[in-house]
Each structure stands twice: as C-alpha cells, then as structure tokens.
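Scroll down for the structure; my scribbles are underneath it.
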Amino acid sequence: MMGAVDPPWTPPGSPDEPPRRSFEDFEVPVPAEAPRVRRPAVVSTAALVLFVAGAMNALFVVLFEQAGSIGPLYLVLAAAQLIAAVLLITMSPIGRVAGLVMGGLGVVLGVIQATSAATSGLMSMALSGFVIWAVVASGPSFHRR
C-alpha cells in the first residue's frame with residue numbers, strides 16, 4: 001500500500017478511539033488470592049460424626065421408649081454430643097476440648113458395648129477414635145480470635 005497514512009493520534013478514552021484488542025492490553029492480570037478455608041475438612045467430618053452419634057442416641061430413647069435409668073443417660077449423652085458437634089463446627093477453642101472428651105467417652109462406651117455386640121462396639125470405638133485423631137491433628141486450627 002503505497003501512500004498509506006497513519007490515522008491521527010487520539011487520546012485514550014476519547015469517543016473516536018477504536019476499541020482495544022486483547023493484544024494491546026499490556027497489563028498482566030494478578031490472580032486473586034484464594035479464599036482461606038476457615039475449617040479443615042477433617043474437623044467438619046468429626047463434627048458430622050458427633051452430630052450423627054448424638055442424633056442416633058436421641059432417636060434410641062425416643063423410638064425404643066427407654067424411660068428407665070438408661071434413657072436419661074442416653075439423652076444427656078446425645079445433648080453433649082450435639083453441643084460438641086456445634087462447638088467443633090464453629091472452631092471455638094472449647095470445641096477442641098469437647099471433641100476430645102466426647103471422643104474419649106465414645107471409646108470407653110465402645111469398649112463396654114463390644115462385650116455384648118462386637119461389631120457395633122468396634123465401629124463406635126473406630127468413629128470415636130477418628131474424632132480424637134481429627135481434633136488432635138487439627139490443633140493449630142483452633143486458635144483464639
């Protein structure tokens with residue numbers, strides 16, 4: 001093309017400026033920082049285990065109408081497990097202690113239960129042991145705010 005003349009210079013942002021093309025953008029985009037996970041997945045899983053255990057203990061009393069001496073004990077255990085699950089989910093420092101206590105109590109009750117129903121007792125011990133491991137392994141996550 002002979003005699004081609006460059007178009008006159010226009011200031012950036014003026015209405016006659018042609019649209020910019022992607023190769024004209026010389027700014028390198030900076031990726032946004034990845035959001036921090038507030039709660040490790042293992043703590044969420046331990047809280048879920050405690051929540052399900054508490055719900056099952058409460059259902060045991062309601063469905064089988066345990067009004068004797070064992071019924072109120074199961075209700076207290078269910079309430080303590082549900083409270084510990086909520087404290088673990090909120091990552092409060094006392095939730096760590098509550099998780100350890102409920103896990104230890106679950107292991108003891110699993111040993112007692114294993115004398116009559118081995119499979120059920122072993123599962124109880126395994127799940128309670130997981131709760132203890134999860135709380136101990138994620139100890140640095142439980143910090144004061």
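For the side-chain contact (heavy atoms from CB on, under 4.5 Å) test, residues two or more places apart in sequence or in another chain that qualify with Leu100 are Ile132, Val135, Val136. With sequence neighbours left out, the side-chain contact (heavy atoms from CB on, under 4.5 Å) criterion links Ala58 to Ala78. Under the side-chain contact (heavy atoms from CB on, under 4.5 Å) criterion, Val101 pairs with Val97, not counting sequence neighbours.
Closest approach of Ala98 and Leu87 over heavy atoms only: CB-CD1, 4.2 Å. Looking at every heavy atom in both residues, Phe51 comes nearest to Ala85 through N-CB, 3.7 Å.
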Report all side-chain donor-acceptor pairs from residues 102-119 shorter than 3.5 Å, counting only partners two or more places apart or in another chain.
{"from": "Gln113", "atom 1": "NE2", "to": "Ser120", "atom 2": "OG", "distance (Å)": "2.9"}
{"from": "Thr115", "atom 1": "OG1", "to": "Ile112", "atom 2": "O", "distance (Å)": "2.6"}
{"from": "Ser116", "atom 1": "OG", "to": "Gln113", "atom 2": "O", "distance (Å)": "3.3"}

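Transitive grouping of hydrophobic side chains (ILVMFWY, heavy atoms separated by less than 4.5 Å) keeps Val86 and Val76 in distinct clusters. Placement of Val42 and Leu48 in two distinct hydrophobic clusters is found when ILVMFWY residues are connected by side-chain heavy-atom separations under 4.5 Å, directly or transitively. Follow the hydrophobic side-chain contacts under 4.5 Å out from Leu75 and you never reach Leu73; the two are in separate clusters. Clustering ILVMFWY residues whenever any of their side-chain heavy atoms sit less than 4.5 angstrom apart, transitively, puts Tyr74 in a cluster other than the one holding Met56. Both Val131 and Leu127 sit in one connected hydrophobic cluster of ILVMFWY residues. Membership requires side-chain heavy atoms under 4.5 Å apart, directly or through other members.
Taking CD1 from Ile83 and CG from Leu88, the interatomic distance works out to 12.5 Å, rounded to the nearest 0.5 Å.
Every pair passing side chain to side chain donor-acceptor pair (under 3.5 Å) that includes a residue from residues 48-59 is listed here, sequence neighbours excluded: Asn57-Gln81. Judged as a side chain to side chain donor-acceptor pair (under 3.5 Å), not a single pair has a partner in residues 93-107 (not counting sequence neighbours).
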